[in-house]
*Asks:* 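Below you'll find the structure I mean.
Each chain gets a letter, A, B and so on, in the order the sequences are listed, and its residues count up from 1. Note that the structure is a prediction, hence the values are computed from the model and not measured.
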Amino acid sequence: MRAALVAACLLFSLAAQADNVVLWHAYRGDEQAALEKVIEQFLAHEAREGRSASVEALALPNEIMASKVTTALTQNDGPDVFIFAHERIGGWVQYDLLATQNVALEGVADLSGLDENAMKAGQVEGRQYGLPLATKCVALYVRTDLVQTPPTTTQELEQLSAGLKQKGVLGLAVQTDLFYYAAPFFFGFGGTLLDETGRVDFRQPAFSGFVQYLQSLQQKGYIPDEPNGAMVARLFDEGGAAMVMSGPWFMSDIDDDVPYVVAPLPEVSITGRPMRPFVTVELVYVGKPSQDNVTAQRFAAYLAGPDGARVRKEMGKQIVPVQSLWTGDDDPRLRAFAAQAERGVVTDPRPEMRDVWEPADVGLKKGVRQGATPAQAAEAAHRRYVSTTKPPPPPRDPGLFIILLIAAAGLLLLVVARGVLRAKTDGTLTGSLRAWLWVAPAMGGTLALVIVPFLFALGLSFFSHRAGDYQFVGFGNFIEILSARSYAVLEPLSFYYALLVTIVWTAANLLLHVGIGLFLAVLLHPKTRKWRGVYRTLLIIPWAVPNYITALIWKSMFHKQLGAINGILTALGFDAVSWFSSFPTAFFANLCANAWLGFPFMMIVALGALQSIPQDLYEAADLDGASKWQQFWRITLPLLRPAMLPAVILGTVWTFNQFNIVYLVSGGEPDNATDILISEAWRWGFARREQYGYAAAYGALIFLLLLAWSAFSSRLTADKGAR
Amino acid sequence: MASVRFAQVQKAYDDVQVIQGIDLDIQDGEFLVLVGPSGCGKSTCMRMVAGLETVTAGDILIDERRINDVPPKDRGIGMVFQSYALYPHMTVFDNIAFGLTIRKMSKSVIEQRVQEVAETLGLEELLARKPAQLSGGQRQRVAMGRAIARQPDVFLFDEPLSNLDSALRVRMRAELAALHREHKTTTIYVTHDQVEAMTLADRICVLHQGALQQVGTPDQLFSTPANKFVAQFIGSPSMNVLGPVTIEHTDQGKVARHQDMTFPLPDGRELDGVVEIGFRPNDVAVADDEHPACFVGTVTAIERMGWETYTHLDTPAGTVIVRIEGERGAQVKLGEALPCYVWAGRLHLFDAQGAAR
């Protein structure tokens with residue numbers, strides 16, 4: 001009886017587990033509709049088979065998908081099935097987050113018709129971890145009203161461009177400062193990326209070769225300066241550019257009345273090689289925790305299989321890697337992408353591939369934006385590559401640290417115990433029990449949200465992290481950071497350079513915040529001022545708007561071709577400035593955005609402080625013969641000090657860690673030169689293969705700096721308080 | 001040293017006339033006290049002299065120079081504010097020296113001047129302190145020091161003692177008087193406290209509702225007030241005024257009568273139009289055989305001040321306060337019916353407009 005009960009329970013729980021599948025995806029529009037249709041068909045299919053199942057689809061933004069999946073699966077709390085590009089598969093397998101997929105499931109889908117190369121993108125060391133859904137790669141969009149026959153070689157492309165230039169039309173719009181979009185040229189120049197050991201040589205001739213070629217196109221005026229996605233779309237829509245290199249996602253940006261075709265990328269005439277784009281294969285994965293979830297496995301297979309592929313192709317306009325589905329009746333544009341994908345380079349799924357993008361982008365920007373020679377560009381890429389992929393500090397024996405840690409913990413415990421004991425004996429403990437109860441929620445919150453994460457990060461700074469592997473390295477990270485071995489001391493990425501930038505950044509900002517704030521406060525202070533309340537409200541608005549919105553607005557205002565600031569400059573007869581190409585201008589752009597954000601706070605503080613200065617002091621000063629200017633310097637300013645000083649100290653800390661502005665406005669450009677410590681720390685932690693320990697060490701150093709500053713500044717205020 | 005003259009000075013804020021056209025001559029070296037109840041315009045008058053308020057109409061002259069449009073710093077004025085208005089972030093030394101440094105005087109002159117002032121006012125030990133570290137009296141002295149240091153022609157004091165406790169006020173009053181005796185600087189002093197006015201002033205100017213009521217020596221104001229307002233404002237406790245009275249001729253001569261209260265009037269006074277009479281609490285005595293009672297009042301309150309007793313009496317004309325000296329005063333009891341006699345020569349007579357007759 002009991003055995004039967006247990007079995008029933010087990011069955012029930014198994015069935016319950018098998019019933020529901022949670023699916024994460026980043027599809028929108030047609031693709032999402034197609035996915036829902038496939039789910040519907042799958043559920044009907046399962047019902048016919050006599051299996052009960054449900055699929056719960058959750059759409060996430062593409063940008064956060066990878067990190068969200070990684071975190072969730074690590075904590076056993078992830079989706080059963082999720083859809084993402086194949087590029088992260090290597091890392092996820094290393095972290096052991098993926099289930100192997102059973103490709104021989106009976107009666108769900110026949111996977112034999114799937115493209116072999118695409119299938120390979122889902123394999124790691126011979127095991128199938130993901131099934132291919134679609135391929136995505138860049139191809140050539142051509143406006144047929146401007147170009148009759150798509151070019152097959154770069155020579156033809158240049159000839160076309162020369163003709164178009166006469167009409168004031170750009171030949172080719174492409175985001176040349178992003179390696180992903182520019183890579184077809186790189187491969188066309190014979191470039192190679194990861195070798196067997198997972199390293200890249202940016203000093204290969206192909207890199208400088210393709211940079212040089214892009215520079216020549218730029219100089220001839222065939223491709224735009226500083227292009228971004230929105231600009232490329234606009235140029236193509238308005239007929240300002242005849243051709244665009246972009247992927248299938250670009251179709252939705254094109255207006256309906258634009259006549260265009262999609263063609264394969266041309267051949268590079270200098271080398272005689274075809275331009276080959278990166279091919280991304282979109283895979284459907286099953287999370288490791290759902291290894292035994294049969295429905296999850298079946299759903300993944302169904303989605304990738306012929307039935308799912310048909311719907312996704314027809315409804316979702318996906319480039320599905322199932323050759324048998326592509327016929328002459330299909331949209332020639334989609335067929336062109338399918339054909340281009342076969343000639344492309346499947347992005348290396350090894351985690352090392354993620355080290356390639358940043359250095360490649362740095363090199364490219366150096367070449368096409370900052371006017372460096374191709375050799376300098378290649379060298380910049382190489383140096384960045386070496387810096388960001390340097391091996392972690394050597395592991396250390398944690399023995400001594402553990403002893404120290406235990407000693408510290410023991411000491412802390414002792415102090416706490418003594419305090420409690422003393423409080424118990426003199427009765428204050430029971431007396432204050434209620435008080436402790438009242439503050440307990442706040443203490444709990446602080447503990448959970450501040451103290452624990454802080455201690456965790458502090459602990460993390462003594463470890464190195466590579467691919468899910470944590471190694472104890474003692475003070476290795478700190479030594480690495482402080483010795484700044486991989487770069488010159490005053491070069492971007494060096495701690496000291498970032499520190500200097502941060503200090504200059506903070507000082508300049510505070511000068512502007514206090515200066516502008518004080519100036520406006522003095523203007524607004526007199527009670528007789530008309531419209532005083534209106535001005536005051538208007539001037540607080542910059543502060544009331546969320547700062548990332550402000551940051552994005554400023555960033556677009558500083559855009560070279562579309563920004564309002566260059567618009568004004570050119571209207572006044574000046575040359576347009578490429579704001580983010582040099583340190584002073586990029587720094588200035590950041591400064592403008594943050595000054596805009598910061599002055600209202602100082603203005604409000606100053607206004608309050610001004611109101612507390614008695615009027616008769618000014619009357620006395622009038623009688624003493626002080627001019628308004630003297631009164632400001634000798635009475636107003638000194639009396640504002642006590643109120644302004646804490647605001648300035650607070651502002652210092654805020655500005656010191658003003659991540660949003662730096663990250664969103666200049667984004668560290670050029671070459672991370674405008675990065676401050678906190679954004680640099682972020683890059684190490686999240687943009688350079690999760691070097692968490694290194695980033696945590698940065699964080700600890702920032703903390704120490706601010707601790708020293710606050711200790712110093714509290715003495716400053718204490719002195720004033722004693723007067 | 002300078003004289004100050006108000007010539008038909010008026011002040012209005014928007015439509016509100018606060019000073020109604022004042023004429024006033026202040027002699028060189030004189031100590032003039034502007035006195036009046038709150039809101040009478042006395043501070044405004046002073047601030048117009050200082051240049052902190054504009055003059056709406058009329059002229060203010062210092063040494064016969066019209067100063068309406070002269071900036072405050074060029075009027076030769078030193079002012080002590082009610083709140084002292086010391087610069088809180090400066091030391092006592094810097095506070096006193098501020099006006100001198102602004103005038104770009106040489107360091108040694110400033111040093112010497114501040115030392116002199118500090119000696120005069122007993123501030124030598126306090127020069128390095130900041131205002132927050134001083135007591136009220138010390139701050140008061142620093143404020144005075146600051147005014148003195150510039151060696152002004154005219155001193156202005158705006159209720160300088162009102163923030164001090166009564167003992168300190170008495171002491172500072174004496175110091176102020178001594179200071180004026182020594183320097184003989186023309187001084188305009190605003191207060192609402194008539195004791196201060198009486199003790200300090202060479203002359204007192206009483207203001208009421210922006211209009212000048214009377215200017216005179218303390219004695220003149222006390223003994224021959226120009227009107228009922230001045231009569232009641234000067235002197236403590238206030239003058240008893242009652243009415244309406246009828247003038248009657250009796251066997252003993254002329255008397256003023258109010259209900260069953262009868263006051264013999266002195267001879268030789270113009271009595272036409274007299275409607276009210278007033279007498280100070282001092283000018284009353286308990287009636288005896290020699291001095292028949294003018295009225296009888298019931299004692300409702302007693303303020304014993306030692307040698308003298310202020311007794312509140314309930315009379316047909318309302319409460320009357322009388323001062324009773326010596327042992328008789330000590331014997332007064334609550335509820336006692338007290339027959340009182342008023343010295344005829346001390347009676348004040350007022351017409352319907354309140355003007356003295």
*Asks:* Around atom CD of B:Glu64, are there more than 12 heavy atoms of other residues, nucleotides or ligands at under 6.0 Å?
*Replies:*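 Yes - once you tally the heavy atoms of other residues, nucleotides and ligands closer than 6.0 Å, there are more than 12.
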*Asks:* Select one option (side chain, backbone, both, neither) describing which atoms of B:Arg47 are under 4.5 Å from chain A's heavy atoms.
*Replies:*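 The side chain, not the backbone.
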*Asks:* Got more than 12 heavy atoms from elsewhere within 6.0 Å of OH, A:Tyr496?
*Replies:*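 Result for OH/A:Tyr496: enclosed.
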*Asks:* Which atoms of A:Gln630 come close to chain B, meaning under 4.5 Å heavy atom to heavy atom: side chain ones, backbone ones, both, or neither?
*Replies:*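 It is the side chain, since no backbone atom gets that close.
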*Asks:* Got a second to check how far B:Tyr87's OH is from A:Leu639's CG, nearest 0.5 Å?
*Replies:*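 It is 10.5 Å, given to the nearest 0.5 Å.
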*Asks:* Take a 6.0 Å sphere around CZ of B:Arg66 and say whether it holds more than 12 heavy atoms from other residues, nucleotides or ligands.
*Replies:*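 Counting other residues, nucleotides and ligands, CZ of B:Arg66 exceeds 12 neighbours.
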*Asks:* Distance from B:His89 atom NE2 to A:Arg641 atom CZ, nearest 0.5 Å?
*Replies:*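 So the gap between those two atoms works out to 10.5 Å.
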*Asks:* Can you check side-chain contact (heavy atoms from CB on, under 4.5 Å) on B:Met79 and A:Glu619, steps first, answer last?
*Replies:* CA-CA 10 Å; B:Met79 181 161 170; A:Glu619 293 180 346; 5.9 Å; no
*Asks:* Might you point out which heavy atoms bring B:Pro72 and A:Asp622 nearest each other, and give the distance in Å?
*Replies:*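 The answer is CB-O, 4.0 Å.
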*Asks:* Return the CZ to CD distance between B:Phe81 and A:Gln615, rounded to the nearest 0.5 Å.
*Replies:*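 Answer for the CZ-CD pair, B:Phe81 versus A:Gln615, is 10.0 Å.
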*Asks:* Checking B:Leu100 against chain A: side chain, backbone, both or neither under 4.5 Å from a heavy atom?
*Replies:*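 No part of B:Leu100 comes within 4.5 Å of chain A.
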*Asks:* Assess the residue pair B:Arg150 and A:Asp624 against the criterion (salt bridge (charged side-chain N to carboxylate O under 4.0 Å, His left out)); give the C-alpha distance rounded to whole Å, side-chain angles, the decisive distance to 0.1 Å, and a yes or no.
*Replies:* CA-CA 8 Å; B:Arg150 287 180 32 221; A:Asp624 273 334; 3.4 Å; yes
*Asks:* CZ of B:Arg103: more than 12 outside heavy atoms within 6.0 angstrom?
*Replies:*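 Correct, the count exceeds 12.
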*Asks:* If every non-hydrogen atom of A:Ala620 is compared with every non-hydrogen atom of B:Arg146, which pair is closest and at what distance?
*Replies:*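 Distance-wise, the nearest heavy atoms are CB-NH2, 3.6 Å.
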*Asks:* So, taking the atom named CZ in B:Phe98 and the one named CZ in A:Arg634, what distance separates them when rounded to the nearest 0.5 Å?
*Replies:*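 Interatomic distance, B:Phe98 CZ to A:Arg634 CZ, rounded to 0.5 Å: 5.0 Å.
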*Asks:* Around atom OH of A:Tyr535, are there more than 12 heavy atoms from other residues, nucleotides or ligands closer than 6.0 Å?
*Replies:*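 No - once you tally the heavy atoms of other residues, nucleotides and ligands closer than 6.0 Å, there are 12 at most.
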*Asks:* Heavy-atom pairs under 4.5 Å with chain B - which of A:Ala626, A:Pro614, A:Ser627 has more of them than the others?
*Replies:*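 Result: the option with the highest number of such pairs is A:Ala626.
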*Asks:* Would you give the length of the straight line joining atom CG of A:Leu623 to atom CG of B:Leu156, rounded to the nearest 0.5 angstrom?
*Replies:*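 One finds 7.5 Å between CG of A:Leu623 and CG of B:Leu156.
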